[in-house]
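Working notes, beginning with the structure itself.
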Protein chains: 2
Amino acid sequence: MDKKALFDKWVAFTTSVHQVTHELTQNAKSDSITPVQYNILEYITVSQPVTPSEISDCQHISMPNTSRELKKLSEKNLIEKVSDSEDRRKQYIHLSKEGEMMMNEAFAIVESRFQSRLQHASKEDLADIERAMDILQTKLFY
Amino acid sequence: MDKKALFDKWVAFTTSVHQVTHELTQNAKSDSITPVQYNILEYITVSQPVTPSEISDCQHISMPNTSRELKKLSEKNLIEKVSDSEDRRKQYIHLSKEGEMMMNEAFAIVESRFQSRLQHASKEDLADIERAMDILQTKLFY
DNA sequence: CTATTTAATTATCATTTGATAACCATAATA
DNA sequence: TATTATGGTTATCAAATGATAATTAAATAG
């Protein structure tokens, strides 16, 4: 297979990934937050504690807009800010108890859909899937 | 590896896919169209000819909003509409010459970034990647 | 032939998101 | 100490997107 064909395959593959991700995650999030706010919470969940600058960088949201959304999340009592004692300009953000609960619920829904998608997979299938994800993670999506 | 761990790996994996996809595609699109319009054009590109209803379903955009965006794309001379001779309610949408050129440019940018990401990959690496994408495509992202 | 369904459009409104300028407080540097 | 750089905030505006109701035209079912 030449490189051009591999690119075409990559396009089809990422399209499928996006599609399935959408299927598994749709309506999993609470209605009280916007899609962008959910993305931010998701990022905080897996990376906490995290600074506003990091959120801004990784989620590709400008600092002013990041600040605005964090303020809204804070007003909804989903996150908490702690300022660094070393450098008092910095802030560390983590989920509040309420935020954790919300994200746990969302992830539970997604996981149950994920598991039911795999319910008919054999042990070998699961091993294949795991290996394939490892390979792509290290060789392509690093 | 238990199923819960596989789910966690899936979360990390899809995050990477989204991240890398963003890297490769950022600024590839012309400034004259919005992100949603680009997504629509991308979908038309790989699936043409396609009806507004199909776009609405697959891109998760309501019919009225789909119609609006298609109208804008049409006004920008990027797509053309042909009504079905059998069922005159239906429309088939395909890229115009101009639209094809625009998408070719965008895909060329993305592909060059993709190839440079793989420039140090060996023949075996490429084969591994291809196989891994096939496995995931058939067993997980179907 | 009438009623209903389907495919698409138009109009309108609210919300979300993106972009920019000005600003504050703290920290680092010259 | 004065200056500059960094991390973050506030305010404001414009544009993009999402949601809903009402409408048209064509096809299909009764």
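Chain letters run A, B, ... following the sequence lines, proteins first and then strands; every chain starts at 1.
Distance CD (B:Gln37) to P (D:dA15): 14 Å, rounded to an integer number of Å. For the pair B:Ile61 CD1 and D:dA16 P, the interatomic distance rounds to 14 Å; values are reported in whole Å. Rounding to whole angstrom units, CE of residue A:Met63 and C1' of D:dA11 are separated by 16 Å. Here D:dT12 presents its C1' atom at 10 Å from CZ of A:Arg68, a figure rounded to the nearest Å. B:Glu86 places its CD atom 10 Å from the P atom of D:dA27, with the value rounded to the nearest Å. In this entry the distance linking NZ of B:Lys72 with C1' of C:dT9 reads 14 Å, nearest Å. Distance B:Asp57 CG to C:dA7 P: 9 Å, rounded to the nearest Å. As a whole-Å value, the separation of B:Glu69 CD from D:dT17 P is 6 Å.
Contacts of A:Pro35 with the nucleic acid, taken as non-hydrogen atoms under 4.0 Å apart, involve only primed sugar atoms and P, OP1 or OP2. At a threshold of 4.0 angstrom between heavy atoms, the contacts of A:Asp87 are confined to the sugar-phosphate backbone, with no base atom among them. Among the atoms of the strands shown, only primed sugar atoms or phosphate atoms (P, OP1, OP2) are found under 4.0 Å from some heavy atom of B:Thr51. At a threshold of 4.0 angstrom between heavy atoms, the contacts of B:Gln91 are confined to the sugar-phosphate backbone, with no base atom among them.
For the atom pair B:Ser30 OG and B:Leu78 CG, the distance stands at 8.0 Å (nearest 0.5 Å).
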>> Go through it in stages, so that I can follow the logic: the residues are A:Asp87 and A:Arg89, the test is salt bridge (charged side-chain N to carboxylate O under 4.0 Å, His left out), and I'd like the CA-CA distance, side-chain angles, deciding distance and then a yes or no.
In response: CA-CA 5 Å; A:Asp87 182 341; A:Arg89 291 169 306 181; 2.9 Å; yes
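When each of B:Lys71 and A:Val36 is assigned the nucleotide of DNA chain C bearing its nearest heavy atom, the one mapping closer to the 5' terminus is B:Lys71. Nucleotides of DNA chain D nearest to A:Pro64 and A:Lys90 differ in position, and the one nearer the 5' end is that of A:Lys90. Checking A:His60 against B:Leu70, the closest nucleotide of DNA chain C that is more toward the 5' end is the one next to B:Leu70.
Phosphate contact (OP1/OP2 of D:dT17, side-chain N/O of B:Thr34, threshold under 4.0 Å): present. Taking only side-chain nitrogens and oxygens, B:Lys81 comes nearer than 4.0 Å to OP1 or OP2 of C:dT9. Contact check, A:Arg88 against C:dT26: a side-chain N or O comes under 4.0 Å of OP1 or OP2.
A:Ile109 and B:Trp10 fall into different hydrophobic clusters, defined by Ile, Leu, Val, Met, Phe, Trp and Tyr side-chain heavy atoms under 4.5 Å apart, directly or through other members.
A heavy-atom distance below 4.5 Å is not found between the side chains of A:Gln91 and A:Val82. By the 4.5 Å heavy-atom criterion applied to side chains, A:Pro52 and A:Met63 are counted as neighbours.
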